[in-house]
Amino acid sequence: MRLNRTKGLLAAALPVMMAGGCVNVTAPDKPIVINLNISITQEVVYRLDNKAKTLIQENPGIF
């Protein structure tokens with residue numbers, strides 16, 4: 001029984017080993033180009049209390 005199991009495994013493994021083949025890896029002829037089109041926008045939101053707002057309006061050259 002053990003001999004039959006070994007023969008069965010060998011019979012199943014033989015086609016897999018024969019079909020193994022060779023793998024070739026070659027570099028491309030042209031360079032790889034990656035286009036990154038990124039748009040970054042930033043929005044700043046500020047709030048002033050009435051006292052600070054009045055102070056800035058009275059003294060426009062403060063900043």
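Each residue takes its place number in the sequence, starting with 1. Computed from a predicted structure; not experimentally measured.
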Are V44 and I56 connected in the hydrophobic side-chain network, where two residues link if heavy atoms are under 4.5 Å apart? no
Do I32 and V25 belong together in a cluster built from hydrophobic side chains that touch within less than 4.5 Å? no
Measure the spacing between CG of L55 and CG of N50 and express it to the nearest 0.5 Å. 12.5 Å
Please find the pair of heavy atoms, one from V33 and one from N35, that lie closest to each other, and give the distance. CG1-OD1, 3.8 Å
